[in-house]
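A note on names: the letters A, B, ... follow the listed sequences, proteins ahead of strands, and every chain is numbered from 1. Remember, it's a predicted structure, so these values are computed and weren't measured experimentally.
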Amino acid sequence: MNRRDFIRYLGAAGSGAILVPIGLSGCAVAPTGDKSISRATAAPGPARLAYGSPRARPHADGDGAPRMVVVFLRGAVDGLNVVVPHGDPEYYRARPTIAVARPGQPDGAIDLTGYFGLHPALHPLMPYWEGGQLAFVHASGSPDASRSHFEAQDYMETGTPGRHNTRDGWMNRLMGYLPPSESPLQALSLGDATPRILSGGNVVANLQTGRAAARPGLIDQPRVMQAFAPLYGGDDPIARAYRDGIAARKELMAEINSQEQQAANNGAPLPNGLALDTARLGRLMRSDPRIRLSFLAVGGWDTHINQGNGAGQLSNRLAPLANGLATLARELGPAFNDTVIVVVSEFGRTFRENGNGGTDHGHGNAMWLLGGNLRGGKIYGQWPGLDQANLNEGRDLAVTTDFRAVLSSLAERHMRIRDRELEKIFPQFAPGTRAMLDLLI
Amino acid sequence: MRLARIPFAARLAALALLTCAAAANAAETPAGAPLSERERALHVLDRLAYGPRPGDLEQVEKMGARRYVEQQLHPERITLPPDLQARLAALPALQMTPSQLFVEYGPPSIDRSASKEEKQAARQRAGRELTPQFHQARLLQATESPRQLEEVMTEFWANHFNVFEGKEWVRYWVGDYEKNAIRPHALGSFRELLGAVAHHPAMLYYLDNWLSSGAGTPGARGRFKGLNENYARELMELHTLGVDGGYQQADVVALARILSGWTIDVDAMKAGAAPFAFNARRHDDAPKVFLGQALAARGDQEGEAALDILASQPATARFISTQLAQYFVADQPDPALVRQLSQKFLATRGDIRAVLQTLFDSRQFWARANYQSQFKTPYQFVVSSLRATATPVLNPRPVNGALAQFGMPLYGWLTPEGYKYSQEAWLNPDALLRRINFAGGLASGKSPIARAEGEAPPSNADARATDPRQLLGTLGPAIGANAAATIQAAPANLQAGLILGSPDFMKR
């Protein structure tokens, strides 16, 4: 029995149970029922299962190859205010001004499981939770303790926590194990510089963000392109980048312009901000099945001051993000069933608010997962609790699920990467010690 | 998808040209050969300056690259052209103190009762009136100042000690920060530079230290209630020791406590005093242990002592030396060079000029392997194009627009680590094509950069397109013989754009 079959078997045998990864070294099957996750659950009456339970539903058929979109929230988003443990009074004690209020109160959390709730600015994502297509892995993150944004991002992008000298990113390595493709668009990154996660030996296309991405430039004129071609005929990285750029640009420009033209003809206004980019990405992926991986980053989560609670600064950033993700899911159309969208951030923030109404650099966080065939409506992971003794270094949510456990589960079960290839993608994360998560139906 | 389909005849012609050029260039330079005088001149203009302006190459070749280096290390000995001085003096925002800027442009910010709309209006006004002046000052000096190394080092340190102009109050102060905290120390003492940055309101505000108070101190109230670790952490990780510099979380907290009470006094600014203040009532005056050293309670002198310690650590010397070697020599610098620079840094107590002198004297700096080998950052690419074409920056907005499109707007990096300088960060397919588009626009002679805002573009007849022959002369060996031959065989009206958009011009 290979790992994939084993997991499927486990999933079937333990129906009504949750597969809970414990630390980095194994799995346990937790019983369902009324077992409360935190000793301090405040909800009156019998406490409901804090993790939620996925609704049984059949596998939906997508129309193509599996795809993966990674959204990186740079700056360390406060996961405790994203997936809010509103059932734990410790949460409200530690955050007198920035806690998201309990469900039902003004700007309160949207209840998910009776213990956890969603930040109210994320309400555009609720239909996906209710449809079983949105899940979170709470208390997840890197085993490395670094509180440096740059170091922690680097580790998460190279997939090798604690190791500085990894030259390529894990998405680029993963790309190397997808079925061979002649397409210049197999992986697409949105933005201006090549992100670490996609840098490496395999060719990646870049698409500028914002309205400028669709604007034709001088280089789109055939006579100009023709004049430049011999200058870039060499075999050095600059010449290769040019030729990859021309090949990708021709396809992207044609596709974007025809789609945006069509939208304009239908009288549909283009969305703004992040949603403009995610709408474009969704349509591109829907119409070009050769785009298997894509990446975008959203910044501005480093909330040391005036973070706000259900309203305020963090809320003002979460709202467009939710809108952007919902737009992406919608515009993917049928390809949504082939896609998993993963939202990650380098680390979480301190459990207690600081003196300036903000939070400092912490540890555990929540990963977000969105996709047509996710076993959603559920919060994965093992909840370490918020009592002083359970906090990491007495100040942050502990990490109980290694981010690589989530990513390698998706790489294996969704992207169909083989075991021995997974070891190349996440080299220090050996299969024997890997805890796989049963994230997909 | 395949490459651009090029008509057979054109391909044949290009092939023929390449062959001719290769033949002309038959005497290829051996890999280890020393640089020629002309190559040395180009090399110093590309590394100590933002590339040659017309005539620069001849001038440096004549005086000798070594003398150029010597001159650049002493910017005070180089006279600024009166015209440049006059244009800088004509930027009123650049003559105002941080307090004046704040009072003049930020009343709703000072008055905490100001409405959201008033604050918004003030923000917009500052963006409209101050920002273009600060951008103009930077671009004027980068393109026209003969003190080019001072410009390069100002950019280097402004990036090392990055602040983001989009973070509310930073917008008022970013010009003064560069002019008075960074530029005067760009070739001076690292400790003094570090101190100037630590006291400047742009940094105190950007990394939140102005809000930080020792826990339980008498002044810790309201928004100044608690300790904020942000600046303390970045001061060690990014400004001095580096992430591997051997400090612990306990040192972050200790340094935050040491720096508690280092703040901005908004009321004092209203009265015309400088914004920096040490507020003893918010300072944690219990004794601390920082990096293994016990610090007695001495008010703001603890902070000075901590800066002394940080500036003299071997880890700091190594970190700064690595960054300098990456900027001036290679993305992966020779460890021996880094060691040599670190030793000089420690021996001279962080004398930046002395460290640079060692760097420019090193064999690694002059090695052929490191000549024309670095991929220009967007900023280096844009400024070197403006210099090569002698384009006067009459409107900074389209310059910054282009920089933003390439991912490197002025003072526009949100997070404190600043922009990267490596090829890996900047070389990507789409960005390269955007550079080519910019090159074509600049060479056409109709670029909006070269006319004041609102002025009509010149007619086709009046547009003075860049003369490709002159441009090739300006750039000399930067454009290799093969590329030059290919370009000269292309349609005349495309040639200047081809030069600026060539792979050769992407390198320095």
Side-chain angles (χ1 to χ4, degrees), chain A residues 74-75 146-151 164 182-185 189 191-194 199 203-208 212 217-219 223-234 236-239 241-251 299-300 302 304-306 354-358 360-361 393, chain B residues 1-4 6-7 10 14-15 17-18 208 211-213 215 220 223-230 233 237-238 243-244 249 252 375 405-408 414-415 417 420 423-434 436-437 440-441 483 486-487 490-491 494 497-498 501-503 506-507:
Chain A
R74 296 197 191 278
S146 177
R147 295 182 195 279
S148 148
H149 291 298
F150 323 107
E151 196 170 40
H164 269 303
E182 287 289 302
S183 171
L185 297 177
S189 133
D192 303 305
T194 307
S199 57
V203 176
V204 175
N206 278 75
L207 180 64
Q208 202 181 344
L218 190 73
I219 194 68
R223 66 184 190 105
V224 177
M225 215 181 266
Q226 225 170 76
F228 271 100
L231 282 175
Y232 285 94
D236 56 303
I238 300 182
Y242 171 87
R243 293 196 298 268
D244 294 335
I246 291 287
R249 184 166 177 88
K250 281 183 173 173
E251 302 202 3
D302 195 14
H304 285 275
I305 63 166
N306 301 334
N354 65 23
N356 312 130
D360 295 312
H361 299 184
E393 296 180 9
Chain B
M1 186 64 214
R2 291 273 156 234
L3 293 184
I6 304 161
L15 195 69
L17 265 174
L18 282 172
D208 306 319
L211 291 167
S212 186
S213 310
R223 63 172 164 170
F224 302 114
K225 203 173 67 188
L227 196 68
N228 198 307
E229 296 173 6
N230 201 10
R233 179 185 304 284
E237 176 183 333
L238 299 171
V243 72
D244 296 321
Q249 171 63 21
V252 174
F375 188 69
Q405 223 191 73
F406 304 153
M408 202 178 184
L414 187 79
T415 48
E417 83 280 25
K420 294 190 172 68
Q423 167 166 318
E424 188 184 61
W426 296 114
L427 176 58
N428 78 60
D430 191 55
L432 192 57
L433 303 186
R434 284 180 234 157
I436 290 175
N437 287 338
T486 307
I487 290 163
L494 293 180
L498 284 164
S502 69
M506 300 295 161
K507 289 186 275 191

Given a strict heavy-atom distance threshold of 4.5 Å, which part of [X] is in contact with chain B: side chain, backbone, both, or neither?
| X | result |
| --- | --- |
| A:Asp360 | side chain |
| A:Arg249 | side chain |
| A:Ser199 | side chain |
| A:Ala239 | neither |
| A:Leu207 | backbone |
| A:Arg223 | both |
| A:Val203 | neither |

Please examine the side chains of [Y] and [X], heavy atoms only from C-beta on, and report whether any two atoms are closer than 4.5 Å.
| X | Y | answer |
| --- | --- | --- |
| B:Thr415 | A:Arg74 | no |
| A:Phe150 | B:Leu238 | yes |
| B:Leu433 | A:Phe228 | no |
| A:His149 | A:His361 | yes |

Of the listed residues ([options]), which shares the most heavy-atom pairs with chain A below a 4.5 Å separation?
| options | answer |
| --- | --- |
| B:Gly501, B:Ala215, B:Ala425 | B:Gly501 |
| B:Glu237, B:Met506, B:Lys225, B:Glu424 | B:Glu237 |
| B:Gly440, B:Gly407, B:Ser213 | B:Gly407 |
| B:Arg434, B:Glu229, B:Glu417, B:Gln249 | B:Arg434 |

Run B:Asp208 and A:Asn356 through side chain to side chain contact (heavy atoms under 4.5 Å, CB included) and show every step you take. CA-CA 9 Å; B:Asp208 306 319; A:Asn356 312 130; 5.6 Å; no
For A:His304 and B:Asn230, run side chain to side chain donor-acceptor pair (under 3.5 Å): C-alpha distance rounded to whole Å, both residues' side-chain angles, the deciding distance at 0.1 Å, then the answer. CA-CA 7 Å; A:His304 285 275; B:Asn230 201 10; 3.1 Å; yes
Given that the side chain runs from C-beta out, which part of [X] has a heavy atom under 4.5 Å from chain A: side chain, backbone, both or neither?
| X | answer |
| --- | --- |
| B:Leu432 | side chain |
| B:Phe375 | side chain |
| B:Gln405 | both |
| B:Leu414 | side chain |
| B:Leu494 | side chain |
| B:Lys420 | neither |

